[in-house]
Amino acid sequence: MSTKPIPLSAQQIRLLAVLALINFVNFAARQAVVPLIPLLRDHLHASDAQLGDLQTWLLVVLAIASIPFGFLADRFSRKAIIATGIACWSVASFAGGLFSRAMVGLGEAAYAPAAQSMISGAFPQERRASAQAVFAAGMLLGGASGLALGGIIGPRYGWQAALFVVAVLGIFPGLALVGLEDPPRGPRSEVVPIARLLSVPAFVALIAAGICITFSSVSLISWGVDFAVNYKDFSLREASVSLALVTLSALLLGVLAGGYVADRLHRSFTCGRIIAIAGAFLLAAPFLLLAIQSEEKSTVLLGFFIASFFMSWYHGPVTAVLHDMMPRRAHATSVGVYMFATQLLGGLGPHVVGRISDQHDLQVGLQIAVAVMACGALLMFLVIHFIRRDGIRHRVLEAFHAEPGD
């Protein structure tokens, strides 16, 4: 039996708005390089595998840094950790270059676990997926904006100018952090060892699914513009702007719809949020294949629109599920562990697809990425199996749950 939701407070709205803004700027910085790949290929005389490494190494740094930053965020000031992340990606974007480009991942590793932990601490459990979806909407909006920004500025002023612009934008969310209150959490003595987290089968299965999903999604994002230019007869500007607009509208609609549907299903089923994720990816797969194989520009864009809508359902519910499983003092650490595995292994996707492109062609590489995504969707049913068997809170973590709603 459901009750009428309690209205959000001004403090909750402000916290979510500021953290979503931070997510926006970070992902604009990350995705601005994607439409610059054709320019970098000419400038650096690089192979597709080497260009794929631009995103792969960013994700490797993000993965390695996620666990220590998640650990720190569960023990110290989450605002300070987030501010550190903003400084890291702004400096790295301004510096440019392969090594400093990879350091953009350090910024995301610092802010993401801490920000998501703050959101789950500020919102009731039954609204977690929707709140996390709004945070993810900032990421998706920023990614699409970065894609368009790079496609407009890069051909006209050079690839370095595009990176300088997103670096300057990083200053503003840092100022918005001032005055935010850090939501309460359990005492430091309740921190959970990582080995204990990894003894939860549903958590491990969720990580395995996330690796497949990350592999496919970052591959499709990293190579989408280049694929449209070289295989579908788009110009660089046309591909950057049209894909950005199409995916932006689809992703924003999808991430908010996914959070809403997941929270509604959660009221009726313990595994409702996982059901929403798995079903959405299985629905997305055929439309991705349609976009990859079609020769008509309108069909390509329509396929990407529908696929993007369903793929974006993932972002809010998966964080909500992680936090539903874990005690408050493990919220950031569990996200850090999840990001470590998914970004480190799934982040190999752009390199693998680039290598397939060098040896065969990019279309084959993207088709393989879709197949990996479908495997991730099917692994979500293994998560459901373990939750049904062990409960959403595994007995090995029960002693760390200080409160019923944590």
Side-chain angles (χ1 to χ4, degrees), residues 2 5-9 12-28 30-31 108 111-145 173 183 206 209-210 213-214 217 221 247-269 271-281 283-284 305-326 331-332 334-335 338-339 342 376-377 380 383 392:
S2 61
I6 300 173
L8 298 181
S9 68
Q12 287 173 314
I13 293 171
R14 185 183 177 209
L15 180 140
L16 193 54
V18 169
L19 296 180
L21 174 64
I22 292 170
N23 222 10
F24 172 91
V25 176
N26 174 251
F27 272 80
R30 185 203 272 204
Q31 295 306 121
E108 187 178 342
Y111 92 84
Q116 290 168 327
S117 174
M118 288 177 72
I119 291 168
S120 282
F123 288 82
Q125 188 179 34
E126 62 270 16
R127 299 179 79 163
R128 277 180 182 168
S130 296
Q132 297 289 352
V134 172
F135 176 70
M139 170 190 73
L140 300 174
L141 180 59
S145 299
L206 190 61
I213 289 166
T214 302
S217 60
I221 290 169
T247 56
L248 171 61
S249 54
L251 292 173
L252 283 177
L253 289 171
V255 73
L256 297 175
Y260 175 79
V261 170
D263 277 343
R264 290 298 299 265
L265 287 175
H266 179 71
R267 297 177 193 174
S268 302
F269 308 100
C271 299
R273 288 168 176 157
I274 298 293
I275 293 170
I277 296 170
F281 277 113
L283 288 169
F305 177 88
I306 298 174
S308 298
F309 173 80
F310 286 116
M311 289 174 69
S312 62
W313 282 33
Y314 163 80
H315 299 285
V318 74
T319 305
V321 170
L322 284 170
H323 289 171
D324 288 346
M325 291 180 179
M326 302 299 167
H331 279 182
S334 61
V335 170
Y338 182 82
M339 289 175 62
T342 58
M380 288 292 178
V383 179
I392 191 69

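No hydrogens, no waters, no symmetry mates; every other heavy atom, side chains included, goes into these values. All figures in this text were calculated on a predicted structure; none of them were measured in a lab. We count residues from 1, following the sequence as given.
Considering CZ of Phe135 and CG of Leu19, their distance stands at 6.0 Å, rounded to 0.5 Å. Here NE2 of His315 is found 10.0 Å from CG of Asn23. Values are rounded to the nearest 0.5 Å. Rounded to the nearest 0.5 angstrom, Thr214 OG1 and Met339 CE are separated by 9.5 Å. Atom CE of Met118 sits about 11.0 Å away from atom CZ of Phe123, to the nearest 0.5 Å. Rounded to the nearest 0.5 angstrom, Leu251 CG and Leu256 CG are separated by 10.5 Å.
Within the 4.5 Å cutoff, the side chain of Met325 has no heavy atoms near those of the Ser334 side chain. Between Met311 and Phe281, some side-chain heavy-atom pair lies under the 4.5 Å cut-off.
Here the shortest heavy-atom pairing between Leu206 and Val383 reads N-CG2, 3.4 Å. Listed here is the closest heavy atom pair of Ala262 and Pro317: CB-CG, 3.4 Å. Here the shortest heavy-atom pairing between Ala133 and Gly259 reads CB-CA, 3.9 Å. For the pair Ala136 and Val255, the tightest heavy-atom approach, listed with the atom from each and the gap, is CB-CG2, 3.7 Å. Minimum interatomic distance between Ala278 and Met380 (heavy atoms only, all atoms of both residues): CB-CB, 3.7 Å. Here the shortest heavy-atom pairing between Gly210 and Tyr338 reads CA-OH, 3.3 Å.
Between the side chain of Ser117 and the backbone N or O of Pro113 there is no donor-acceptor pair closer than 3.5 Å. A donor-acceptor pair is defined here as one N or O able to donate and one able to accept, closer than 3.5 Å; no such pair exists between the side chain of Gln116 and the backbone of Gln132. A donor-acceptor pair under 3.5 Å is absent between the side-chain atoms of Glu126 and the main chain of Arg267, judged by distance alone.
Between His323 and His331, the angle of the ring planes stays under 30°, which puts this pair in the parallel group of the 30/60° scheme. By the 30° and 60° cut-offs, the orientation of the rings of Trp313 relative to Phe309 is perpendicular.
The side chain to side chain donor-acceptor pair (under 3.5 Å) test with Arg128 singles out one residue from Asp263, Asp324, Thr319, and that residue is Asp324.
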